[in-house]
Structure formats: structure tokens, C-alpha cells
*Asks:* 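Here you go, one structure.
All values derive from a computational prediction rather than experimental measurement. Every number for a ligand or one of its atoms is a count from 1 in the order of the listing.
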Amino acid sequence: MIRSLILLFLIQLGILMGAYSQDVHTLVVDAGKTLAPVSPTMWGIFFEDINFAADGGIYAEMVKNRSFEFRNPMIGWKAIELDGNKGEILTINREDHPANLRFVRLANANPSQSFGLSNEGFRGMGIRQGATYLFSLWACPQENDLSLRVELNDEKGNVLASSSLESFQSGWKEYSLTLRADATAEKGSLRLLFSGKGLIDIDMVSLFPADTWKNRPKGLRADLVELLDGLRPGFIRFPGGCIVEGYQLSERYQWKKTVGPIEERTTLRSRWMDEFRHRLTPDYYQSFGLGFYEYFLLSEDLGAEPLPILNCGMACQFNSKEVAALNEMEPYIQDALDLVEFANGDSTTIWGKLRADMGHPEPFRMKYLGIGNEQWGPQYIERYQIFHRVLKEKHPEIELISAAGPTTDERNAYLWEELRKLDADIIDEHYYKEPAWFLQNASRYDSFDRNGPKVFAGEYASHTRQQEAPEGRNNWEAALSEAAFMTGLERNADIVVMCSYAPLFAHKEAWQWNPNLIWFNNLKAMPTPNYMVQKLFSTHRGDHVVPVTEKGSPLTGQNQLYASTTIDDRTQTLYVKLVNTSEREKKVVLDVSGARLERNGVQEVLAGSPEQFNQVGGTQLFETNSRAFPVARGRAEVILPPRSVSLIKLKEKK
Ligand code: AHR
């Protein structure tokens, strides 16, 4: 009996010790052996106007349908009939102004009472106590005896701010005033109340917070841009995504219609309005107040390379599948050439002059240009090669990004083969897959052919379906699997030169696609766990890849561990990224050779349970926690919590 008890004890001890020893991992980092350089463009941003990312999102305009250009020109607007006072509203088309076809004529029936319009904003207007708002409109009185009272209201109709324009001069003119709100409302509205006798034409009714990014008038929402800035992105890809392609070619994104004075930019229906039957959004249009000039400026502000994507003569292949005839590609090619001139030409050129007139005489120094979004098949190759030929001849300084289809299937394989033959520069891969795919594909690029085009992981996101709450799909399970995959991207930085999570933004009440990197409502924004992972990598990019191995092999999921390491040349700091996807804590011994390290290291950790996420308006659950640990003679021990992403910083001695 005693003998069998002792045996049992020994067996259990053996199991325990075995289990313990399985969870101690010695990783060798050879700091003396720097491998490929990490491109400064490694971690970037994918911006697409989907989920109200532009109008109703980062573009801080608060008035929806400000120019009455929607198919139903009164979407977003309501007549205000105080005490039953009825006025008349007419939408008038002017053929001489095709970019801004419509305006509204208001007639007041009873001069002793007010009549007007209210605008509901984008699922309401976020109005903040103490903040200043800039109101403006274009007006042309037909009978000149009217004054205008402008109000900001809360959900119950309480007035939060008001101001007046006492008179209007004849002819079309722009008028403006400022309003200061004395209370906060998440779903406020704007009211225009005309008094007096007469008729007045109005257009471009606009309301912006004064506090925009860099305080630019009629600019971008500061809190959202600050989150982008926090990523220190290496590039900004714009304007998408499928909106580049359009449902049909007539609705493709045409950059020339998005530059110049905002009142001359043609409003376009968004293809996301009715793409998904379960998320119909009939009030989704593109005003292009955020246009190509603003995208270039944003890239410059954030120190990111601008990466515009142009239509390549193909509409979305999931939708109309329409293509431009091969002998009718000239306008598409010309758009590309003119874009290079707009971005980089001097102000004596036609398009360079427009950029200068818009306020930026210096070129934007664009280096990359995308040809098509997510195209596939021989029809893409036929069209791409026309761009390739012309652009390589006229602008060999520009690197071209070409499409690789919507996912990693035979379409992708075909395009890689064809684009290799064409000596393409960089190929844009998209993967929206389940978490397991990301875990299994951390080694995707380890054995990729090095002699040929580079890789742009242009759109990726781990898609779980566990939670139906909008932000819920951006849970830790998804973010953790992306982190594991990203170690593979980083390890292969010799071939992977650009990466961007997609999509970027989503309005909590107006989204079409899920998951997304940043969720917001009209007052607040919330970074997702996925954002926190992106930030951990992008703000610790490093300049060269350094090998990190266990028993001589890179960590690509053995024992549910993933790793990559880079070194920052300037600060001489090693950044070791360690991802533990297991349910168990792991102890890692870091054995660093080829560098004399300072005596303390820092570990920044993100960890959580798989279904957790950050909710807009709630507490931010995912934040990095930092701790210091001792380093002696190049060795250090760190604990990786269950389901965690760690960034280990090890500084070399001076
Ligand atoms: O990111 C959302 C969409 O996914 C993009 O518009 C498209 O390129 C892809 O299919």
C-alpha cells in the first residue's frame, strides 16, 4: 500500500514537473546578427469611407446632406412649423452647376412667425458643453426681409446654443456665425428659423466644431485623428477599399471630383448604402469634404507615406463586374498621371497649381500608387499592364501596388504568377479569416519566394462571430490571433513591406461591416483590443529584424508561442514581441547574445479573456500594463500570462 502511494506520488510529481518544464522556454536572440531592414512603411493605416468613417466620422461636418444632393433631397432635414405656421420648401435644380446641382428655396407663409428646417446630423449631433461650433451657409434671398436664428438643440428640444443673422444681401453669399453650447447632448440637432417676409434660397448648410484636428476650419474630428496619430502609421492607404471600384463604373471614386472648393465637389451615393441587406443605410453618401487633398494632408500630418488607390477601369467584381473596354482606358490612365502631378508636380503645372491654390505649394512627395483595389482575373492583368507600362515610363520613381484578389485562393495564386512576370513592385493581399487561420499562417511568408514583388498585407482582420454586439467581434480572441500572425509579418520584413488592418473606423449606429479597428459615436471613440495590438507593433517597429529562436527554429506556434524581434538602430533597443495563445502562463528565458544589455528590461503586456472587448462609452478594458525585470549577463526571465501579447524592451549598454 505504502509502496503504491509513493509510486503514485512520484508519478504525479513527474507529471507536474513535466508540465512545468514544458512551460519554460529558452529563446535565443542573436542581437549581433541583424537580418533584413524593416521598412518604415511596415505598419500603416487602411482608410475607407465605410461605416460612416468619413461623413459622420472623421470629417467633422455635423450636418447630413448639407447641400441637398441626396436622391431624396430632404434626407436628414425636417420642416419646422412653429404654432402651425406652414412655409413652403422647394428643391431647385440648376443645370449650370452640375457639381452642386441642388439648393432649397424656403418661403415663409406668415411673416410674424418663424419657419425653417432642422437637421438631424449623422444619427444625431454630438454637442459638447463649453465647445464652440462654426455654422455657415450659402444663401441668396429672393425677397430681402428675412433674418435667421440658428439653434443647437438637445434630444428634448432644449436650446443649447443660439445666434442670429439679421439680414442677407442679394446674390449668393456665404454667411457664418459661431455658437457656444452650454450643455452636452449626444443626439443634438441644428435648427434654422427664418423670420420676416420673403423667400430665401439656401445651400451648403454646415456646422463644425471649432476644435478640429490642428484647429483647421471645417477639418477633421480631433479625437479620431489623435487615435490614428497614436499608431504612428508608416503610410495611409486611401480612399479604400471597394469604394475605389464602385458598384458600377459610373460610381467609382474619381479623385478629381474630390478636390478644389468643397461646394464644387460632387456628392456621390456610397456603395455601402445597400451592399448588405441586413445593414441598409439609405442615408449614406459621400460629400467628399474629405477628399484627396485632405488625405494627402493627413498623411503629412501623421508623418505617413500617402498611398492612394485608383480605379483601374474595373467596377466591383462582387457587384456589377463592369469593366472599361481596353481601348477606352485613356481617362483612367490620365487620372493616374494627373494624380502624380497633383501630388508631386510644381505649382506651374495644372494639377500642381490646384494643390498650391488649395494651400500646399510644396509637393506631397507621393512615392506609392495603387492600381485597382481587390481585382482578380485576366481582365485585371490586361488593365494593370497598361498602367504599368505608362507609369514606369513616365514616373519610374513611383512604386506601384497591384491587386491580388479578395483572399488567399486560386485567384491570388494566378495573380502572383502573372504579376511576377510583369515585374510588379508590391502586391496587395487581403485576408479576412477566422482566428485559426491567422494562427496557422504565422509562417505564411517564411518560405515565400524572395525574388519578385514585395508583399503589402493591405487588408486583414480576424473575424470571430462569437458576439453579436457590434464592437464584440473586436474581441481579444481576434486581436490575439492577429498579433500571432503579425510576428510572422515582422519576421519576414525583407519581403513584407506594408501592412494594414481593415477597415479602420465604424460609427456605432451606422456601421455596415464588422469588425473594425476603432469604434465611435458622435461624442466618443474607443480603440479596440485589435488597435492596441496594432499600436504595440507599430510604435515599436524597429529598423532591422533580429533572429529569435527556440532550439534553432523561429516560433510560429509551437507550444502556442509566437515571436519576432527587431532592433531600433537609433536607441539600440531590442523589441521582442512574444505572443502566448495558450490558456496557461509560460515562463520564457531570454538568452541574448551579440549585445551588452542594460540591467533592466521592460515588459508591456496586453492580456484578457477571449470574448472581452472595449465598448464605446464604457471602460477601456484593454490597455498595456508595464513592468520592469532584471537582466543579468544577457539573460532575463519573463512570464507570459495566458492569452497575452508582450513587448519586451531590452536596451543595449552605451
Ligand atoms: O474593408 C472592407 C472591404 O473589404 C473593402 O472595401 C474591400 O477591399 C474588402 O472586400
*Asks:* Hey, which atoms in ligand 1 end up nearer than 4.0 Å to a heavy atom of W513?
*Replies:* 2 (C), 3 (C), 4 (O)
*Asks:* So, are R252 and E245 salt-bridged, with charged N and O less than 4.0 Å apart?
*Replies:*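 No.
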*Asks:* What residue among Y293, Y253, Y59 forms ring pair (Phe, Tyr, Trp, His ring centres under 6.0 Å) with F288?
*Replies:* Y253
*Asks:* Would a line drawn from the ring center of W513 to the ring center of Y432 be shorter than 6.0 Å?
*Replies:*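 Yes, the ring centres sit under 6.0 Å apart.
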*Asks:* Which of the numbered atoms in ligand 1 are below 4.0 angstrom from a heavy atom of N373?
*Replies:* 7 (C), 8 (O)
*Asks:* So, are K454 and E399 salt-bridged, with charged N and O less than 4.0 Å apart?
*Replies:* no
*Asks:* At less than 4.0 angstrom from any non-hydrogen atom of C242, what atoms of ligand 1 do you find?
*Replies:* 5 (C), 6 (O), 7 (C), 8 (O), 10 (O)
*Asks:* Compute the shortest N/O to N/O distance between E374 and ligand 1 and return yes if it is under 3.5 Å, no if not.
*Replies:* yes
*Asks:* When you measure from the heavy atoms of W272 to every atom of ligand 1, does any distance fall below 4.0 Å?
*Replies:*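 Yes, W272 has a heavy atom closer than 4.0 Å to ligand 1.
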*Asks:* For Y460 and H430, I'd like to know if the aromatic rings sit close, meaning centre-to-centre distance below 6.0 Å.
*Replies:* no
*Asks:* By number and element, which atoms of ligand 1 are closer than 4.0 Å to a non-hydrogen atom of P503?
*Replies:* 1 (O), 2 (C)
*Asks:* Starting from atom 1 (O) of ligand 1, which protein heavy atom do you reach first, and at what distance in Å?
*Replies:* Y432 OH, 2.7 Å
*Asks:* Closest non-hydrogen protein atom to atom 4 (O) of ligand 1, residue and atom name please, with distance?
*Replies:* E459 OE1, 3.2 Å
*Asks:* Any nitrogen or oxygen of E48, main chain or side chain, under 3.5 Å from a nitrogen or oxygen of ligand 1?
*Replies:* yes
*Asks:* Compute both the distance and the angle, then confirm whether R643 meets the cation-pi test with W476: under 6.0 Å from the six-membered ring centre, within 45 degrees of the axis.
*Replies:*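 Negative - R643 is either too far from the ring of W476 or too far off its axis.
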*Asks:* For the ring pair W272 and Y284, is the centre-to-centre distance below 6.0 Å?
*Replies:*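 No, ring centres 6.0 Å or more apart.
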